[in-house]
Amino acid sequence: MASLSLPDCAVMLLFFFATVEAINSKKPNIVLILTDDQDVLLGGMTPLKKTGKLIGDLGITFSNVYVASPLCCPSRASILTGKYPHNHRVFNNTLEGNCSSKAWQKTQEPNTFSAILHSHCGYRTFFAGKYLNEYGSEAAGGIEHVPPGWDYWYALAKNSKYYNYTLSVNGKPQYHGQNYSQDYLTDLLSNVSLEFLEYKTKHVPFFMMISTPAPHSPWTPAPQYEKSFSDVKAPRNTNFNIHGKGKHWLIRQAKTPMTNSSINFLDNAFRKRWQTLLSVDDLVEKVVKKLDAIKELENTYIFFTSDNGYHTGQFSLPIDKRQLYEFDIKVPLLVRGPGIKPNISSKMLVANIDLAPTFLDIAGYDLNKTRVDGMSLLPLLNGMTQNVTWRTDLLVEYQGEGHNKSDPTCPSLGPGVTNCFPDCVCEDAYNNTYACVRTIATPADLQYCEFDDSEVFVEVYNLTSDPHQVINIAKTIDQEILEKMNHRLMMLQSCSGSTCHTPGVYDPRSLYGCCLWIFRRHRIRCHIRDYQK
Ligand SMILES: *[C@@H]1O[C@H](CO)[C@@H](O)[C@H](O)[C@H]1NC(C)=O
Ligand SMILES: *[C@@H]1O[C@H](CO)[C@@H](O)[C@H](O)[C@H]1NC(C)=O
Ligand SMILES: *[C@@H]1O[C@H](CO)[C@@H](O)[C@H](O)[C@H]1NC(C)=O
Ligand SMILES: *[C@@H]1O[C@H](CO)[C@@H](O)[C@H](O)[C@H]1NC(C)=O
Ligand SMILES: *[C@@H]1O[C@H](CO)[C@@H](O)[C@H](O)[C@H]1NC(C)=O
Ligand SMILES: *[C@@H]1O[C@H](CO)[C@@H](O)[C@H](O)[C@H]1NC(C)=O
Ligand SMILES: *[C@@H]1O[C@H](CO)[C@@H](O)[C@H](O)[C@H]1NC(C)=O
Ligand SMILES: *[C@@H]1O[C@H](CO)[C@@H](O)[C@H](O)[C@H]1NC(C)=O
Ligand SMILES: *[C@@H]1O[C@H](CO)[C@@H](O)[C@H](O)[C@H]1NC(C)=O
Ligand SMILES: *[C@@H]1O[C@H](CO)[C@@H](O)[C@H](O)[C@H]1NC(C)=O
Ligand SMILES: *[C@@H]1O[C@H](CO)[C@@H](O)[C@H](O)[C@H]1NC(C)=O
Ligand SMILES: *[C@@H]1O[C@H](CO)[C@@H](O)[C@H](O)[C@H]1NC(C)=O
């Protein structure tokens, strides 16, 4: 009997449609999980055991990841646009500093990666959690404002909170009180994310951004985690509770040793930060399991990162971010997804400005049509770590908040800066304004920073010999290297798009860098003056 019976035909038809579906759904899904204020250097990933297993062990862990600015709003703007702060023009956490301002909405928001994924790449997009600190302000259109490019929008009004908050649910307010089982924000984000995945449309790729309040203050853990890590204290590492002599004035003024109340406070904050991260770990596990259950896990990239680092007692500053040191500017980045080999790590110098071009590259969008300052990580994800030409330096820029010249008193904290606990140690001021070049090339691990303060202060660190940035070598480093780094900084501060990727001082594509690469092994000195211009 050669003729097909009806059931066989149905099977064949099913097979046919399944194949069409497989072809149509070839574009991978992307999930970005973004935490708030999670460091990587002081153990910030330690509580996230399941995340480590489900993303890191099954994908790639980047160990040199920096933020373009160590403050929530400028950093988030860099993630959304792929640009340095001097190009997206979000400089602090206030409307005046363009945080979620009308000017941001008009000039930057229409060009975020989500807007492009939505309009040009056929992605269905979902956002849940903290967006930009001033999101929802009346002066910026209130929570009715839903940024372009998001199909599903569950955004927190204003800054991170765990209870008693308002969400914009597609532009409509939804108030939440303080009943754990209905309101705990990290869990709620997990629930709405699973709901979105439940109703995903078969043929349409999706992008999800899940942006948790944890581990930001007020560090409210879920009830089941209130007793966790009861004996954990902030690490007493090399730069804990030491005087930052030879550093800029803000560090020099910090009282050393810190008072016991400051130390108790920061230990408590450290512990509570870890407790709040346990709920993030649960969220990650639930999202991964759900992706598996709906059979999308193999076709989904999952990115896990944070908006900036954090310190607890380093150089006698109790708690905050906003400083140029590794603990504040370095963040975790774990990625799993199609084609990424399991359990690998990369020391390549990457930054949060690379996320937007990476997402667009994954979606097949021509990056030449964008003006992003970052670079796609896709070649690194695909394992091309040998042949790829990669950057050797990055820019970090920060504009100090909270004080102005007519209000010079420190520690009287200005508008927007409320962390005057427990001992009012000054952690920021208008002149804590700086820009740095962070260089990581095979022969160099350096940081060069300039302050916009009355001393035009310069800090330079050789992280090869001084990984904890204790000794400022600005006065002892080779004068020619200092000059080269100064020129490089000026160039990066005005760079845009591809000019942000030109060869740095130590890049093998530059003459000096090339000399270092070739002659390093032969002990021939490369004199930088031979390679000017
Ligand atoms: C990943 O590597 C680490 C150490 O390199 C090892 O302990 C762990 O078992 C590995 N995990 C997997 C899933 O291969
Ligand atoms: C805010 O953004 C707009 C548009 O990019 C820009 O013109 C303006 O200078 C920015 N404001 C500040 C204070 O930088
Ligand atoms: C939430 O708001 C209620 C009522 O205003 C207040 O009593 C409670 O302390 C708040 N809870 C938190 C965690 O902020
Ligand atoms: C909290 O919400 C749960 C589930 O809706 C409900 O059973 C419980 O009574 C609520 N608790 C309070 C204190 O309102
Ligand atoms: C999340 O969903 C779980 C399971 O349905 C439920 O038990 C929990 O109360 C929900 N939490 C929140 C904050 O909505
Ligand atoms: C601060 O704590 C240290 C160590 O616990 C203790 O030796 C010291 O007496 C305390 N100082 C004050 C002023 O309480
Ligand atoms: C983008 O521009 C670069 C350099 O101009 C070129 O080599 C590359 O082929 C372009 N890519 C596409 C997809 O057009
Ligand atoms: C690097 O490029 C060379 C020549 O193009 C090629 O033979 C080699 O396989 C590449 N290596 C990797 C790791 O991609
Ligand atoms: C934020 O930046 C704007 C523009 O530079 C400035 O006018 C404002 O004073 C800053 N706000 C704070 C709190 O520093
Ligand atoms: C400077 O600070 C003073 C005192 O806090 C405040 O009254 C004034 O508005 C501030 N000026 C600017 C330009 O932010
Ligand atoms: C920075 O500002 C503070 C507060 O106004 C002032 O005390 C300090 O001298 C200034 N330092 C420099 C180097 O500009
Ligand atoms: C940094 O320190 C290393 C190790 O001590 C040294 O070899 C290197 O020359 C130093 N670099 C600079 C620029 O001082």
Side-chain angles (χ1 to χ4, degrees), residues 116 120-121 156-167 175-188 213-214 216-223 225-226 272 275-276 279 357 360-372 374-376 378-379 388-389 392-393 418 437-449 458-486 488 497-502 504-507 509-510 512-513 515-517 519-521 523-529 531:
I116 300 172
H120 300 287
C121 309
L156 177 67
K158 302 290 187 80
N159 206 355
S160 281
K161 271 184 149 190
Y162 299 78
Y163 290 116
N164 286 354
Y165 55 87
T166 302
L167 284 184
Y175 181 74
H176 283 266
Q178 54 165 356
N179 180 334
Y180 171 69
S181 62
Q182 295 174 350
D183 305 316
Y184 190 65
L185 183 55
T186 311
D187 290 2
L188 188 87
H216 196 281
S217 64
W219 318 296
T220 317
Y225 296 134
E226 276 166 357
K272 286 166 106 181
Q275 291 168 356
T276 65
S279 295
L360 296 175
D361 203 9
I362 288 172
Y365 189 74
D366 178 3
L367 293 176
N368 290 349
K369 289 197 267 181
T370 69
R371 288 283 295 171
V372 292
M375 294 162 70
S376 169
L378 197 53
V388 75
T389 316
T392 56
D393 62 9
T418 51
V437 183
R438 184 71 181 87
T439 294
I440 299 184
T442 306
D445 191 351
L446 281 183
Q447 185 183 29
Y448 173 89
C449 304
V458 176
E459 289 187 34
V460 184
Y461 296 98
N462 181 349
L463 286 102
T464 310
S465 50
D466 178 24
H468 295 281
Q469 296 165 297
V470 177
I471 306 156
N472 178 7
I473 58 167
K475 295 212 167 76
T476 56
I477 192 175
D478 185 332
Q479 202 56 31
E480 291 178 276
I481 295 179
L482 200 70
E483 267 171 42
K484 265 279 191 199
M485 294 299 271
N486 161 277
R488 183 63 181 161
S498 57
T499 62
C500 300
H501 316 153
T502 53
V505 177
Y506 288 89
D507 195 308
R509 290 170 295 167
S510 76
Y512 179 61
C515 171
L516 287 173
W517 274 69
F519 293 113
R520 209 156 30 99
R521 290 203 187 86
R523 298 171 172 275
I524 295 170
R525 269 209 73 182
C526 296
H527 289 286
I528 205 159
R529 64 179 156 274
Y531 298 95

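As the structure lists them, so they are numbered: ligands from 1, and atoms in each ligand from 1. For this chain, numbers begin at 1 and follow the sequence in order.
For atom 13 (C) of ligand 7, the nearest non-hydrogen atom of the protein is Asp366 OD1, 3.6 Å. For atom 1 (C) of ligand 7, the nearest protein heavy atom (residue, atom name, distance) is Asn368 ND2, 1.5 Å. Looking at atom 12 (C) of ligand 3, its nearest protein heavy atom turns out to be Asn164 ND2, 3.4 Å. With respect to atom 7 (O) of ligand 3, the closest heavy atom belonging to the protein is Gln178 NE2, 4.2 Å.
Side-chain contact check for Asp393 versus Asp507: every heavy-atom pair is 4.5 Å or farther apart. Residues Val460 and Met485 fail the side-chain proximity criterion, which asks for heavy atoms closer than 4.5 Å. Two residues are said to be in side-chain contact when any heavy atoms from C-beta on lie closer than 4.5 Å; Ser510 and Val505 fail this criterion. Residues Leu188 and Tyr165 form a side-chain contact, since some pair of their non-hydrogen atoms from C-beta on lies under 4.5 Å apart.
Under the 4.0 angstrom criterion, atom 9 (O) of ligand 7 counts as lacking any protein heavy-atom contact. For atom 3 (C) of ligand 7, the nearest protein heavy atom is under 4.0 Å away.
Considering backbone and side-chain atoms alike, Asn462 places an N or O below 3.5 Å from some N or O of ligand 12. Residue-to-ligand polar distances keep Tyr163 apart from ligand 3: every N/O pair is separated by 3.5 Å or more.
Judged by distance alone, the side chain of Asp466 and the main-chain N or O of Ile471 form a donor-acceptor pair under 3.5 Å. In this structure, the side chain of Glu459 does not engage the main chain of Cys449 through any donor-acceptor pair within 3.5 Å.
Close contacts between ligand 12 and Ser465 involve ligand atoms 2 (O), 5 (O) [criterion: under 4.0 Å to a heavy atom].
Atom CZ of Arg488 sits about 7.0 Å away from atom OG1 of Thr392, to the nearest 0.5 Å.
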